[in-house]
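Have a look at the structure below before the remarks.
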Amino acid sequence: MSPEHGIGNYNDTNVSLTYAEFATILGVDSEFAANLSVMHDRLIPFRIGSLGQIQEWARDYDSNGSVPFTHISQLYGLFPGAQIDPRFNETLAHAANVSLLLRGDSSAGWPTAWRANLFARLLQGETAYYYMTRLISRYSYDNLWSINSVFQIDGNFGYLNVCTLGGSSAIAEMILQSHNGEIHLLPAIPSSWTQGSVSGLRARGGFTLDIIWSGGVLSSAMLTSTLGTFTRVRYNGTAIDLSVPRNGSVILESSNFQ
């Protein structure tokens, strides 16, 4: 599977792996969603190849050095998916890291931004930052549009909303992650980002966050709930449970995670 080819078609409808879940939540397209679920169950699960990598194909083509591309579509489960998570499955996370090392750097904007996101999800802030600086220094024009042989929209909306979709996403992922039932504060900030602040970042579960850090340490994080739901918040290896009323807010500091 290669990202530019899409996942597939069903009666001319592009399919994603989360479609069935959304259809169930919304109570629509039940027959279509059921068919997707059946097809999903037929997909080959993650396989770790002889080099310790996540295999892109059913056969271990990486082992003989025959891979002609730097494609990393086998890591969809790491980003934007969430099946591979270093907090909960170190084996798959390590294999994903091996895959990235084997596929190496890319010579274009969008895969560079994609690697920044992947390393942010692996909680490797320094490597994610390397790819962000590579993106802006090598693959961006002065107006922050990405440099590429063809126009690619995913290479033109990401660093600061104008450079690469993946780039702005990577910055957000380095500061805040909210998949697999947790809100993770400052999960992958590099050492060079000693201080900073963001406001209005959205997290899954209907939360808006304003975050401030100084000296590389969380100063405060204000969580505002639009729905009034339970959440788990993680920082620096410690997770705490919160229940925030609808339209209510709570302010957390690094001391809350000791």
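This structure is a prediction, so every number in the text was calculated from the model and none was measured.
- Closest heavy-atom contact between Ala58 and Ile44: CB-CD1, 3.5 Å.
- Asn236 has its side chain out of reach of Leu186: every pair of non-hydrogen atoms, C-beta onward, lies at least 4.5 Å apart.
- In the hydrophobic cluster analysis, where Ile, Leu, Val, Met, Phe, Trp and Tyr join through side-chain heavy atoms closer than 4.5 angstrom, Leu223 is grouped apart from Phe230.
- Between Leu78 atom CG and Asn89 atom CG the span is 11.5 Å, to the nearest 0.5 Å.
- Of the possible polar contacts, one joining the Thr229 side chain to the Gly205 backbone as a donor-acceptor pair under 3.5 Å is found.
- With hydrogens and angles ignored, the 3.5 Å screen pairs a side-chain donor or acceptor of Arg134 with a backbone N or O of Ser106.
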Evaluate the criterion side chain to side chain contact (heavy atoms under 4.5 Å, CB included) for residue pair Gln53 and Gln74; output intermediate values, then yes/no. CA-CA 10 Å; Gln53 86 286 8; Gln74 72 272 33; 5.9 Å; no

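- Here Leu101 contributes atom CG and Leu51 contributes atom CG; the two are 11.5 Å apart, rounded to the nearest 0.5 Å.
- Under the 3.5 Å distance criterion, the side-chain polar atoms of Asp29 are left unmatched by any main-chain donor or acceptor of Phe32.
- For the pair Glu253 (side chain) and Ser255 (backbone), a donor-acceptor distance under 3.5 Å is absent.
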Under the side-chain hydrogen bond (donor to acceptor under 3.5 Å, both in side chains) criterion, do Glu56 and Ser73 qualify, and how do the steps go? CA-CA 7 Å; Glu56 183 172 3; Ser73 52; 3.0 Å; yes

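- Side-chain contact, Gln258 with Thr238: no donor N or O sits under 3.5 Å from an acceptor N or O.
- Smallest separation of non-hydrogen atoms from Ala116 and Ala128: O-CB, 3.5 Å.
- The aromatic rings of Trp193 and Tyr129 sit perpendicular, their planes meeting at an angle over 60°, well past the 30° parallel limit.
- Between Arg204 and Glu182, none of the side-chain N atoms (NZ, or NE/NH1/NH2) sits under 4.0 Å from a carboxylate O, so this pair counts as no salt bridge.
- Applying side chain to side chain contact (heavy atoms under 4.5 Å, CB included) to Thr112 and the options Ile136, Leu135, Thr133, Asp105 leaves one that passes, Leu135.
- Side-chain polar atoms of Tyr131 and Asn117 form no donor-acceptor pair below 3.5 angstrom.
- To the nearest 0.5 Å, the span separating CG on Leu242 from CG on Leu252 amounts to 5.5 Å.
- Closest non-hydrogen pair, Ser225 versus Phe207, comes out as CB-CE2, 3.6 Å.
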Would Leu122 and Leu118 count as a side chain to side chain contact (heavy atoms under 4.5 Å, CB included) here? Give the steps. CA-CA 6 Å; Leu122 288 174; Leu118 291 165; 5.7 Å; no

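- Heavy-atom minimum distance, Gly167 versus Ala113: N-CB, 3.6 Å.
- The distance from atom CD1 of Ile251 to atom OG of Ser219, rounded to the nearest 0.5 Å, is 12.0 Å.
- Residues Met222 and Leu209 have side chains not in contact (no heavy-atom distance under 4.5 Å, counting atoms from C-beta outward).
- Using a 4.5 Å heavy-atom threshold, the side chains of Pro190 and Met174 count as touching.
- With hydrophobic clusters built from ILVMFWY side chains whose heavy atoms lie under 4.5 angstrom apart, Phe46 does not share a cluster with Val98.
- Side-chain atoms of Ile211 and Leu185, non-hydrogen and from C-beta on, do get closer than 4.5 Å to each other.
- More than 12 heavy atoms of other residues, nucleotides or ligands shown are found within 6.0 angstrom of CG on Leu26.
- No side-chain heavy atom of Arg232 sits under 4.5 Å from any side-chain heavy atom of Ile240.
- Between Trp114 and Pro80 the shortest heavy-atom distance is CZ2-CD, 3.8 Å.
- Using a 3.5 Å distance cut-off with no hydrogens or angles, the side chains of Ser191 and Glu126 do pair a donor with an acceptor.
- When the shell of 6.0 Å around CZ of Arg246 is examined, it contains 12 or fewer heavy atoms from other residues, nucleotides or ligands.
- Counting only distance, with no hydrogens or angles, the side chain of Asn180 and the backbone of Ala82 share a donor-acceptor pair below 3.5 Å.
- Checked against salt bridge (Lys or Arg N to Asp or Glu O under 4.0 Å), Arg121 has the following partners two or more places apart in sequence or in another chain: Glu173.
- In this structure a side-chain-to-backbone donor-acceptor pair under 3.5 Å is present from Asp60 to Ser50.
- Val250 pairs in a side chain to side chain contact (heavy atoms under 4.5 Å, CB included) with only one of the listed residues (Val233, Thr224, Val244), which is Val244.
- In terms of hydrophobic clustering, with Ile, Leu, Val, Met, Phe, Trp and Tyr side chains grouped at heavy-atom distances under 4.5 Å, Phe88 and Leu75 are assigned to different clusters.
- Within the 4.5 Å cutoff, no side-chain heavy atoms of Gln195 are placed close to those of Ile212.
- Residues Tyr235 and Pro187 have side chains not in contact (no heavy-atom distance under 4.5 Å, counting atoms from C-beta outward).
- Taking hydrophobic clusters as Ile, Leu, Val, Met, Phe, Trp and Tyr residues chained together by side-chain heavy-atom distances below 4.5 Å, Ile189 shares a cluster with Phe257.
- With Thr226 contributing its side chain and Gly206 its backbone, the two residues share a donor-acceptor pair below 3.5 Å.
- In this structure, the side chain of Tyr76 does not engage the main chain of Gly81 through any donor-acceptor pair within 3.5 Å.
- Between Gln177 and Ile183 the shortest side-chain heavy-atom distance does not fall below 4.5 Å.
- Around the NE2 atom of His179, the shell of radius 6.0 Å holds more than 12 heavy atoms that belong to other residues, nucleotides or ligands.
- Leu102 and Ile48 are assigned to two separate hydrophobic clusters, defined by single-linkage of ILVMFWY side chains at heavy-atom distances under 4.5 Å.
- Side-chain contact check for Asn97 and Gln124: at least one donor-acceptor pair (N or O, by modelled atom type) lies under 3.5 Å.
- Under the salt bridge (charged side-chain N to carboxylate O under 4.0 Å, His left out) criterion, no residue pair touches residues 208-226, with sequence neighbours excluded.
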